[in-house]
*Asks:* 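Mind looking over this structure? Questions follow.
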Amino acid sequence: MNNKGKKILAFVLAGGLMVGTAVVSGRAATLATEEQVEGASVLIDQYCSDVAAGMLTAKSLQFLGVGDVTGAAVSAAEEPEASPEPTQEPEATPAPTEEPTEEPAHVELNLNYSRLGIANKVDTYLNVRKKPSKRASIVGKLTKNAGCHIYNIKNGWAKIVSGDVRGYVKASYLTTDEKAEELAKEVGRNCVEIQTNSLRVRALPTTSAPIYSVISEGEEFVIKKENLTLDYIKDVIEKEDLSKDALERAGGYEEIEAQMGDFICITVDSDTAFVAKEYVKKQYSLKRAVKVKKVSASKSSGVSSSQASIVEYAKQFLGNPYVWGGSSLTGGTDCSGFTMSLYAKYGHSLPHNAAAQAGVTRSVSSPKPGDLFFYSNGYRINHVAMYIGGGQVIHASNPTDGIKISNAYYRQPVKIGRVMD
């Protein structure tokens, strides 16, 4: 940057972000999720990022000695020298014969973005770091095919936000911009987001059917089938091996046929359940980043070294595949195979069955890292996950997501069991 550019930049900083408010592009101006920056050094980094992204007009860039576009606010004391008068009148620019074409609409997703990134160039997950450095602490994980908004890319690092996670990822692992939007059409899923707290999920599509579980507001589930038919319900009853009692409590096929238009069939972990349409919002979704925090042994928190160690061990398998009946942490496992194999590493023997694991663990009311959360389908315990602290569990969920991190109360647990202290 030349001396004149440096003077102007100093003026801008001193003048309360004059350039920042005048020249940010329409795309960036509508983005409300970026945290406000503080301090001159941070502002300079942001300003340079805007320059790299082409977000300043040519006039301001020309004054700063780095470009040639129009319209930024500058100090009157720093006006450039007047250009020499032209020797002849320029030819008039013909009026456009057509309206300029608008930018194509973005793919509508469950995340706000103006520049989309998808972490598809990874096998399992991409670490999100607090700062753009491999030595920086990890604040989250972006699993394969998860989406994010990209604020900028600088020196090989992308500054992103995805869900509740903000930070930096290596840009080379992302597919971006138009290619990302095309990819989103392939890897996204039709989902419902729960719009009310403690929503009862039913085993069959009537309000009198047995309660499969109770799920929390804001949780998202993949739609298995939206327009239900009686033949489809009969297949569910057979495949899920639902009891005669379940059908009777649902009111029989006549009542199911009368009410099924009010319900959507969803996937809860690897099972089938039904939610009332009036309490959910349908959306096309990409997976989002999950927050992670390192668990350390501490006397004050009552977390032992073995509890901290098993949690950190479990996290390394995030994104690995789900296989029903499996117990391989890398090749494929189901929910109880996952927890069984984790604890086997630490010398504890657990059966390969969620209900059986619940039977051999000690019930506790306040969870600690390493404890097991057990969930029921209304009839029996059918799923298990490991608590990793911070209100989260890690579990082998289903064939689509594999091993994932979820809110511990994404569905209501029926027991919290402790294996080791």
Side-chain angles (χ1 to χ4, degrees), residues 108-110 188-287 322 324 334-335 354-355 373-385 395-401 404 406-415:
E108 191 170 337
L109 296 170
N110 60 328
R189 297 95 56 87
N190 288 310
C191 294
V192 294
E193 184 182 281
I194 308 305
Q195 299 293 290
T196 186
N197 197 26
S198 301
L199 178 64
R200 293 174 178 177
V201 181
R202 301 284 177 173
L204 288 169
T206 75
T207 54
S208 57
I211 297 171
Y212 175 92
S213 190
V214 178
I215 54 182
S216 300
E217 185 173 6
E219 294 295 330
E220 194 174 75
F221 298 88
V222 174
I223 296 172
K224 197 166 186 179
K225 188 169 178 63
E226 185 173 353
N227 299 313
L228 303 178
T229 65
L230 204 55
D231 285 342
Y232 181 78
I233 302 304
K234 290 178 179 179
D235 285 343
V236 169
I237 291 172
E238 183 179 348
K239 289 176 182 176
E240 298 294 327
D241 195 24
L242 294 180
S243 67
K244 184 179 178 182
D245 174 66
L247 180 58
E248 289 176 352
R249 288 174 60 187
Y253 287 119
E254 185 176 341
E255 189 62 28
I256 288 174
E257 190 169 23
Q259 290 194 43
M260 65 186 183
D262 298 328
F263 286 80
I264 293 176
C265 182
I266 62 171
T267 297
V268 180
D269 294 316
S270 58
D271 295 325
T272 297
F274 298 86
V275 290
K277 290 180 179 178
E278 65 177 306
Y279 299 115
V280 300
K281 179 177 71 174
K282 292 184 292 183
Q283 55 194 18
Y284 191 68
S285 300
L286 290 177
K287 292 183 286 185
Y322 174 97
W324 188 87
D334 60 14
C335 65
F373 273 54
F374 296 97
Y375 306 92
S376 167
N377 65 357
Y379 296 97
R380 61 186 182 276
I381 289 173
N382 70 335
H383 194 67
V384 59
H395 55 134
S397 176
N398 58 66
T400 302
D401 294 326
K404 65 185 287 190
S406 300
N407 168 13
Y409 299 91
Y410 74 103
R411 51 191 283 206
Q412 184 175 294
V414 295
K415 177 180 178 177

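Computation of the quantities below employed the complete heavy-atom set of this structure, encompassing side-chain atoms and omitting hydrogens, waters and symmetry-equivalent molecules.
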*Asks:* Taking the side chain as everything from C-beta on, heavy atoms only, tell me whether Asn190 gets closer than 4.5 Å to Val222.
*Replies:*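 A side-chain contact is absent here, since even the closest heavy-atom pair is not under 4.5 Å.
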*Asks:* Please give me the minimum heavy-atom distance between Ile215 and Arg411, naming the atom from each residue.
*Replies:*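 For Ile215 versus Arg411, the nearest heavy atoms are CG2-CB, 3.8 Å.
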*Asks:* If I take atom NZ from residue Lys239 and atom OG1 from residue Thr272, how far apart are they, to the nearest 0.5 angstrom?
*Replies:*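 Output value for this atom pair is 8.5 Å.
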*Asks:* If you look at every heavy atom in Met260 and Leu230, which pair is closest and at what distance?
*Replies:*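 That closest heavy-atom pairing would be CE-N, 3.7 Å.
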*Asks:* Please enumerate all residues that pass side chain to side chain donor-acceptor pair (under 3.5 Å) together with Gln412, with sequence neighbours excluded.
*Replies:*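 If we apply the side chain to side chain donor-acceptor pair (under 3.5 Å) test to Gln412, skipping adjacent residues, there are no hits.
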*Asks:* Return the set of residues passing side chain to side chain donor-acceptor pair (under 3.5 Å) with Gln283 (not counting sequence neighbours), or none when no residue passes.
*Replies:*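 Result, side chain to side chain donor-acceptor pair (under 3.5 Å) vs Gln283: Glu193, Glu220.
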*Asks:* With a 4.0 Å cut-off on N to O distance, would you call Lys282 and Glu226 a salt bridge?
*Replies:*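 So Lys282 pairs with Glu226 through a salt bridge.
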*Asks:* Validate the cation-pi geometry between Lys277 and Phe263: distance from NZ or CZ to the six-membered ring centre under 6.0 Å, angle to the ring axis within 45°.
*Replies:*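 No, Lys277 does not sit over the ring of Phe263.
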*Asks:* Between atom CZ of Phe221 and atom CG of Asn398, what is the distance when rounded to the nearest 0.5 Å?
*Replies:*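 It comes to 10.5 Å.
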*Asks:* When rounded to the nearest 0.5 angstrom, what distance separates OH in Tyr379 from CG in Asp241?
*Replies:*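 The OH atom of Tyr379 sits 11.0 Å away from the CG atom of Asp241.
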*Asks:* Check whether any side-chain heavy atom of Thr400 lies under 4.5 Å from a side-chain heavy atom of Arg189, and answer yes or no.
*Replies:*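 Side-chain contact under 4.5 Å: yes.
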*Asks:* Start with the C-alpha distance between Lys415 and Phe373, add both sets of side-chain angles, then the distance that settles side-chain contact (heavy atoms from CB on, under 4.5 Å), and finish with yes or no.
*Replies:* CA-CA 6 Å; Lys415 177 180 178 177; Phe373 273 54; over 6 Å; no
*Asks:* Suppose we screen for ring-ring contact (aromatic ring centres under 6.0 Å, His included). Which residues come up paired with Tyr232, at least two apart in sequence or across chains?
*Replies:*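 So Tyr232 forms no ring-ring contact (aromatic ring centres under 6.0 Å, His included) with any residue.
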*Asks:* Does a side-chain heavy-atom distance below 4.5 Å link Ser406 with Lys404?
*Replies:*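 With C-beta onward as the side chain, the pair touches.
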*Asks:* Looking at residues at least two apart in the chain, or sitting in another chain, which of them share a ring-ring contact (aromatic ring centres under 6.0 Å, His included) with Tyr410?
*Replies:*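 Partners of Tyr410 by the ring-ring contact (aromatic ring centres under 6.0 Å, His included) criterion, ordered by chain and then number, come out as Tyr375, His395.
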*Asks:* Below 4.5 Å, heavy atoms only, C-beta onward: do Leu247 and Leu242 meet side chain to side chain?
*Replies:*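 When only atoms from C-beta onward are counted, Leu242 and Leu247 do not touch, as no gap falls below 4.5 Å.
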*Asks:* Can a side-chain donor-acceptor contact be found between Ser397 and Asp269 if the only test is distance below 3.5 angstrom?
*Replies:*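 Result is yes, a qualifying pair exists.
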*Asks:* In Å and rounded to the nearest 0.5 Å, what is the SG to CZ distance from Cys335 to Phe374?
*Replies:*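 Answer for the SG-CZ pair, Cys335 versus Phe374, is 9.5 Å.
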*Asks:* Tell me if the CD atom of Glu248 is crowded by more than 12 foreign heavy atoms within 6.0 Å.
*Replies:*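 Yes, CD of Glu248 has more than 12 neighbouring heavy atoms, counting only those of other groups under 6.0 Å.
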*Asks:* Would you say Tyr279 and Ile194 make side-chain contact, with heavy atoms under 4.5 Å?
*Replies:*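 Side chain of Tyr279 against side chain of Ile194, heavy atoms only: no contact under 4.5 Å found.
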*Asks:* Please tabulate, for the side chains in residues 204-214, all donor-acceptor contacts under 3.5 angstrom to protein atoms that are two or more places apart in sequence or on a different chain.
*Replies:*
from: Thr206; atom 1: OG1; to: Ser208; atom 2: N; distance (Å): 3.4
from: Thr206; atom 1: OG1; to: Ser208; atom 2: OG; distance (Å): 3.4
from: Thr206; atom 1: OG1; to: Ala209; atom 2: N; distance (Å): 3.1
from: Thr206; atom 1: OG1; to: Ala250; atom 2: O; distance (Å): 3.0
from: Ser208; atom 1: OG; to: Arg249; atom 2: O; distance (Å): 3.0
from: Tyr212; atom 1: OH; to: Asp271; atom 2: OD2; distance (Å): 3.0
from: Tyr212; atom 1: OH; to: Asn382; atom 2: ND2; distance (Å): 3.3

*Asks:* Under the salt bridge (Lys or Arg N to Asp or Glu O under 4.0 Å) rule, what pairs show up with a residue in residues 202-212, not counting sequence neighbours?
*Replies:*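 Output for this query is empty, none listed.
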*Asks:* Could you state the interatomic distance from CG (Leu109) to CG (Leu286), rounded to the nearest 0.5 Å?
*Replies:*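 Spacing of CG (Leu109) from CG (Leu286) equals 5.0 Å.
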*Asks:* With respect to Phe274, which candidate in Leu228, Val268, Asp262 satisfies the side-chain contact (heavy atoms from CB on, under 4.5 Å) definition?
*Replies:*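 The side-chain contact (heavy atoms from CB on, under 4.5 Å) with Phe274 is passed solely by Leu228 among Leu228, Val268, Asp262.
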*Asks:* Main chain of Ser270, side chain of Thr267: is a donor-acceptor contact present, judged purely on distance under 3.5 Å?
*Replies:*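 No, because the side chain of Thr267 does not come within donor-acceptor range (under 3.5 Å) of the backbone of Ser270.
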*Asks:* Rounded to the nearest 0.5 Å, how far apart are OH of Tyr284 and SG of Cys191?
*Replies:*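 Rounded to the nearest 0.5 Å, the OH-SG separation comes to 9.5 Å.
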*Asks:* Looking at Asn377 and Arg380, would you say the former's side chain and the latter's main chain have a donor-acceptor pair under 3.5 Å?
*Replies:*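 Between the backbone of Arg380 and the side chain of Asn377 there is a qualifying donor-acceptor contact (under 3.5 Å).
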*Asks:* Backbone N or O of Gly378 within a donor-acceptor pair of the Ser376 side chain at under 3.5 Å?
*Replies:*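 Side chain of Ser376 to backbone of Gly378, a donor-acceptor pair under 3.5 Å: yes, one is there.
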*Asks:* Quick one: do Leu199 and Glu217 satisfy side-chain contact (heavy atoms from CB on, under 4.5 Å)? Show the steps, please.
*Replies:* CA-CA 7 Å; Leu199 178 64; Glu217 185 173 6; over 6 Å; no
